[in-house]
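Heavy atoms only: backbone and side chains are in, while hydrogens, waters and symmetry mates are out. Letters go in sequence order (proteins before strands), and every chain restarts at 1.
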Protein chains: 2
Amino acid sequence: MSKINVYDELQKRILSGDYNIKMRLPTEEMLIKEFDTSRYSVRKAIKQLVDDGLVYSVKGKGVVVLENTLQSQKLNLNLGKIDNLQALNANQILNRKTTIASFKLIIVNEKISKKTLFPIGTPIYLIRRIRNVNNENLALDINYFNAQLIPDLTKEIAAGSIYQYIKDNLQMKIAVVKRQLRIEPANESDYKYLSLKDSNCVGNMISLAFNDDGKQFEYTESHFIPDNFVFNQIIQF
Amino acid sequence: MSKINVYDELQKRILSGDYNIKMRLPTEEMLIKEFDTSRYSVRKAIKQLVDDGLVYSVKGKGVVVLENTLQSQKLNLNLGKIDNLQALNANQILNRKTTIASFKLIIVNEKISKKTLFPIGTPIYLIRRIRNVNNENLALDINYFNAQLIPDLTKEIAAGSIYQYIKDNLQMKIAVVKRQLRIEPANESDYKYLSLKDSNCVGNMISLAFNDDGKQFEYTESHFIPDNFVFNQIIQF
DNA sequence: GAGTGGTCTAGACCACGGT
DNA sequence: CCGTGGTCTAGACCACTCC
């Protein structure tokens, strides 16, 4: 009999409501016995469930199952881990298209350096891409890629997935992405490129991406039209 | 000689640039020796640094220090852990005021239940509060508190901090808050209560709060005017 | 006081990166 | 191959909750 994964099994039970009545998980000791494993493994699984926002550990009390796990899970279809466009609601997108609005190789000056955190003098690809879904221009991505770390970019690559290129062709590992979201008045190019309709604001998601050498290889601003994306967060106290 | 905290010490060194040149932390074994502690404690400290977005662990390679830690830390003055208003940029707020726009005790109907996830029939306090900072109405909070879990609310309490009341008077522990942020067209009450100026959009931060029994005691929508708050996130791959 | 999760130690083996 | 971080086990003690 092969060992089953503690996390998968507990998640399944929680989501199917097996623990809803008493609002508690079995104690660590009971889980150790049931799954015939060590305390380390049980605690690792519980830690994952806590990160998912399904349960909460209380010292001296037990592991509490949060209410409305099923419904509030919908809140938590986390904006994926890959491409920036995935910040959009990815449900049944029928027809998506990427258009290159501009593609340049430039050198970082003081102004750009201040914004992107790239050192002055760094060569970078500056790419503006329009994300069209079902005939609406939902997002304008303004990418700054360090050309020393991400060399030989072309319009053709940019029309597809640059992240795919980074992983498959350059075999570079993406380690961490830091993001900040703000709401801003739409600027000239937002009006030009986005299907803003009556809105005069955009969401601006700023991303800094780092590879596994700790080097920042990307600064990106994604300008989104309202009503088309969500941003989730779980805070533990 | 009392033991120093591994996390605090490593964080201090990273932020002061001690490891920037080689972009690596010492190996776990070296840290175990230096701090005269167990591998568990060293790994716990590193885990915290990873969560802070300061470093990244790579198997077979080491713990890599991310570039621009100081600058991108600014990105990461995480929207605090307490009251919803802290989603605002909290720098040097001179003069803040809360005004109660409405205060009602109502019973959850089907429509409200669908939105708030409270069961139909639950008594709730429905409170609308205007957050005024330096003579601008920056946010409109629409709170739904389960009146069985948060009893005896008054306008006076609501004019101050309800979270303070929950913790100090009710001695209830807040366990988890799940949040979702969207951008929406401003509605009638947004125009009425907020200093929107020319903008016709608001940020809408939806919060579900749970106590340490796993019960959801709050559903809140915070409507913010643009340009006045940020939302941060760190994603590990 | 009994039972719970949180911290910590000591040790083993595995999987991956770079030489 | 060696050195790295990742996983896992077994066991001890601490801090908190609740009766």
Side-chain angles (χ1 to χ4, degrees), chain A residues 2-10 14 19 22-51 54-66 167 170-176 210-215 236-237, chain B residues 2-10 14 19 22-51 54-66 167 170-176 210-215 236-237:
Chain A
S2 69
K3 277 209 184 183
I4 41 173
N5 183 291
V6 184
Y7 167 74
D8 289 340
E9 177 62 20
L10 290 179
I14 292 165
Y19 297 131
K22 50 180 183 300
M23 300 288 282
R24 285 275 197 297
L25 251 54
T27 65
E28 294 184 350
E29 201 187 355
M30 289 167 73
L31 292 171
I32 290 166
K33 279 181 190 144
E34 178 184 350
F35 290 98
D36 186 28
T37 183
S38 70
R39 195 169 171 213
Y40 171 90
S41 303
V42 167
R43 286 178 62 74
K44 197 181 103 183
I46 291 171
K47 176 67 165 54
Q48 286 181 75
L49 296 167
V50 171
D51 290 341
L54 291 176
V55 303
Y56 184 71
S57 287
V58 188
K59 192 193 306 201
K61 198 169 179 180
V63 177
V64 174
V65 179
L66 300 185
K167 284 187 292 190
L170 301 180
Q171 308 233 8
M172 178 190 272
K173 298 239 173 81
I174 297 137
V176 173
F210 300 84
N211 69 14
D212 71 353
D213 283 327
K215 299 281 186 193
Q236 279 116 29
F237 283 79
Chain B
S2 70
K3 279 209 184 184
I4 41 174
N5 183 291
V6 185
Y7 167 75
D8 288 342
E9 177 63 19
L10 290 179
I14 292 165
Y19 298 131
K22 51 180 181 300
M23 301 289 280
R24 286 276 195 296
L25 251 55
T27 66
E28 294 184 350
E29 200 187 356
M30 286 167 73
L31 291 171
I32 290 166
K33 280 180 189 146
E34 177 184 349
F35 290 98
D36 187 29
T37 182
S38 69
R39 196 171 169 210
Y40 171 90
S41 303
V42 166
R43 286 178 61 75
K44 196 181 103 184
I46 292 171
K47 177 65 167 53
Q48 286 181 75
L49 296 167
V50 170
D51 290 342
L54 291 177
V55 303
Y56 184 71
S57 288
V58 188
K59 191 193 305 200
K61 198 170 179 181
V63 178
V64 174
V65 178
L66 300 185
K167 284 187 293 189
L170 302 179
Q171 309 232 8
M172 178 190 274
K173 298 238 172 84
I174 298 137
V176 174
F210 300 84
N211 69 14
D212 70 353
D213 283 327
K215 301 280 186 193
Q236 278 116 28
F237 283 80

Expressed in angstrom and rounded to an integer, what is the separation of [X] atom [atom1] from [N] atom [atom2]?
| X | N | atom1 | atom2 | answer |
| --- | --- | --- | --- | --- |
| B:D36 | C:dA10 | CG | C1' | 14 Å |
| A:R24 | D:dT17 | CZ | P | 12 Å |
| A:M23 | D:dT17 | CE | P | 18 Å |
| A:D212 | C:dA15 | CG | C1' | 15 Å |
| A:L31 | D:dC8 | CG | P | 15 Å |
| A:Q171 | C:dC16 | CD | C1' | 15 Å |
| A:F35 | D:dC8 | CZ | C1' | 17 Å |
| B:Q236 | D:dG5 | CD | C1' | 15 Å |

Separation of [Y] [atom2] from [X] [atom1] (nearest 0.5 Å):
| X | Y | atom1 | atom2 | result |
| --- | --- | --- | --- | --- |
| B:M23 | B:L66 | CE | CG | 7.5 Å |
| A:E34 | A:E9 | CD | CD | 7.0 Å |
| B:L54 | B:Y7 | CG | OH | 7.0 Å |

- [ ] Answer yes or no: are there more than 12 heavy-atom neighbours, outside A:K61 itself, under 6.0 Å from its atom NZ?
- [x] yes
Which nucleotide wins on minimum distance to the side chain of [X], given the candidates [options]?
| X | options | answer |
| --- | --- | --- |
| B:T27 | C:dG5, D:dC8, D:dG5 | D:dG5 |
| A:Y40 | D:dC8, C:dG17, C:dG6 | D:dC8 |
| A:K173 | C:dT9, C:dG17, D:dT9 | C:dG17 |

Open item on the list: What residues from residues 57-66 of chain A pass a heavy-atom cutoff of under 4.0 Å to DNA chain D?
Closed with: A:K59, A:G60, A:K61
- [ ] Take A:R39 and B:M30, find for each the nucleotide of DNA chain D with the closest heavy atom, and name the residue whose nucleotide sits nearer the 5' end.
- [x] B:M30
Task: Closest-nucleotide 5' rank along DNA chain D - winner of B:E28 and B:D213 - done: B:E28
Does [X] put a side-chain nitrogen or oxygen below 4.0 Å from OP1 or OP2 of [N]?
| X | N | value |
| --- | --- | --- |
| A:R43 | C:dG6 | yes |
| A:S41 | D:dT9 | yes |
| B:T37 | C:dT9 | yes |
| A:K44 | D:dG6 | no |

TODO: Pick base, sugar-phosphate or nothing for B:K47, based on heavy-atom distances below 4.0 Å to the nucleic acid.
DONE: nothing
Open item on the list: Quick check: do B:V42 and B:T37 have side-chain heavy atoms less than 4.5 Å from each other?
Closed with: yes
TODO: Measure from the side-chain N and O atoms of B:N211 to the backbone N and O of B:D213, and report whether any donor-acceptor pair falls under 3.5 Å.
DONE: yes
- [ ] For A:Q236 and A:V50, indicate whether the former's side chain and the latter's backbone hold a donor-acceptor pair under 3.5 Å.
- [x] yes
Let me check something: any side-chain donor-acceptor pairs from residues 26-33 of chain A under 3.5 Å, sequence neighbours excluded? List them with distances.
| residue | atom | partner | partner atom | Å |
| --- | --- | --- | --- | --- |
| A:T27 | OG1 | A:M30 | N | 3.3 |
| A:E28 | OE1 | A:R39 | NE | 2.7 |
| A:E28 | OE1 | A:R39 | NH2 | 3.0 |
| A:E28 | OE2 | A:R43 | NH1 | 2.7 |

